[in-house]
Amino acid sequence: MHFGKKYPKRFQSDLITVMPRLWRFALSLAGQKDLADDLVQATCLRALERESQFKAGSNFAAWTMTICRSIWLNKMRSQHLRKTGQLDAAVESGLIDPSPSPETNIFAAEVFKQVMQLPEGQRSVVELVFVEQFTYREAAAILCIPIGTVMSRLSAARKTLSPLQQDHANQMKKGELA
């Protein structure tokens, strides 16, 4: 990435470092790879434009994800569209690690497919808490929602995903997965 304007080295480094996490979060919001790419680009541009607003010592990833969510919501409002997106294949998005066993990747792809079918609110909370490992409080701040809503959305997502977890546990007991 080339920065035309002189930005502090730390800011540049932080922005480059957060990009994979930011892209995963954008994907959880947008539900489609090309939309996530555009969302990340817009987020990076806005972060660069507002670099002076970042408070040193605060959580850079949370700051950029908050920007990302704000851009996404503005886009949705302008289009009057709130639909759940769905990816064609998780493997094509480069989210599945090729090093584990094929059985593990099959299960991971199925989990990813199910997560992407969750409503946007649940999907973004699952991404922030389970994938990015933000605390409930941090996820609530990023999404500008009460912590109770984070807990409620996670509970609903767990209920939706529990049959998948149960199937996996049963297959592990039978020795079907390595």
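Nothing fancy with the numbering, it's 1 onward along the sequence.
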Review point. Tell me, do D14 and T64 make a side-chain contact under 4.5 Å, heavy atoms counted?
Key: no
Exercise for review: Just grab all the side chain to side chain donor-acceptor pair (under 3.5 Å) pairs involving residues 137-156, residues at least two apart or on different chains.
Suggested key: T135-E138
Check your understanding: Which residues satisfy the side-chain contact (heavy atoms from CB on, under 4.5 Å) test with F130, sequence neighbours excluded?
Key -> V126, L154, R158
Study note, to complete from the structure: In short, A141 meets T66 closest at the heavy-atom pair O-OG1, 4.5 Å
Study note, to complete from the structure: F134 and A61 have their tightest heavy-atom pair at CZ-CB, 4.0 Å
**Study point:** Whether S13 side chain and R10 backbone form a donor-acceptor pair below 3.5 Å
**Key:** no
Practice item. Using atom types as modelled and distance alone, determine if a side-chain donor or acceptor of R123 lies under 3.5 Å from a backbone N or O of Q117. Key: no
Check your understanding: Say you draw a straight line from CD1 of I67 to CG of L48; how long is it, rounded to the nearest 0.5 Å?
Key -> 9.5 Å
Point to revise | Nearest-0.5 Å distance that lies between atom CD1 in I142 and atom OG in S70 | key: 13.0 Å
Check your understanding: Can you tell me how far the CG atom of L27 sits from the CD atom of Q32, to the nearest 0.5 Å?
Key -> 9.5 Å
Exercise for review: Quick one: closest heavy-atom pair of Q114 and L161, and the distance?
Suggested key: CB-CD2, 3.5 Å
**Study point:** Considering all heavy atoms, the nearest R24-V131 contact
**Key:** NE-CG1, 3.8 Å
Revision key, fill the gap. Quick note, ring-ring contact (aromatic ring centres under 6.0 Å, His included) partners involving residues 41-63, not counting sequence neighbours, are F11-F60, F54-F60, F54-W63, F60-W63
**Study point:** From S28 atom OG to M116 atom CE, the distance as rounded to the nearest 0.5 Å
**Key:** 7.0 Å
Check your understanding: Which residues satisfy the side chain to side chain donor-acceptor pair (under 3.5 Å) test with R69, sequence neighbours excluded?
Key -> none
**Study point:** Minimum-distance pair of heavy atoms, taken over all atoms of V150 and A139
**Key:** CG2-C, 4.3 Å
Validation: residues 34-46 side-chain donor-acceptor distances under 3.5 Å, sequence neighbours left out:
{"unit_1": "D37", "atom_1": "OD1", "unit_2": "W23", "atom_2": "NE1", "d": "2.6"}
{"unit_1": "T43", "atom_1": "OG1", "unit_2": "L39", "atom_2": "O", "d": "2.7"}

Practice item. List the atom of M65, the atom of F25, and the distance in Å for their closest heavy-atom pair. Key: O-CE2, 3.3 Å
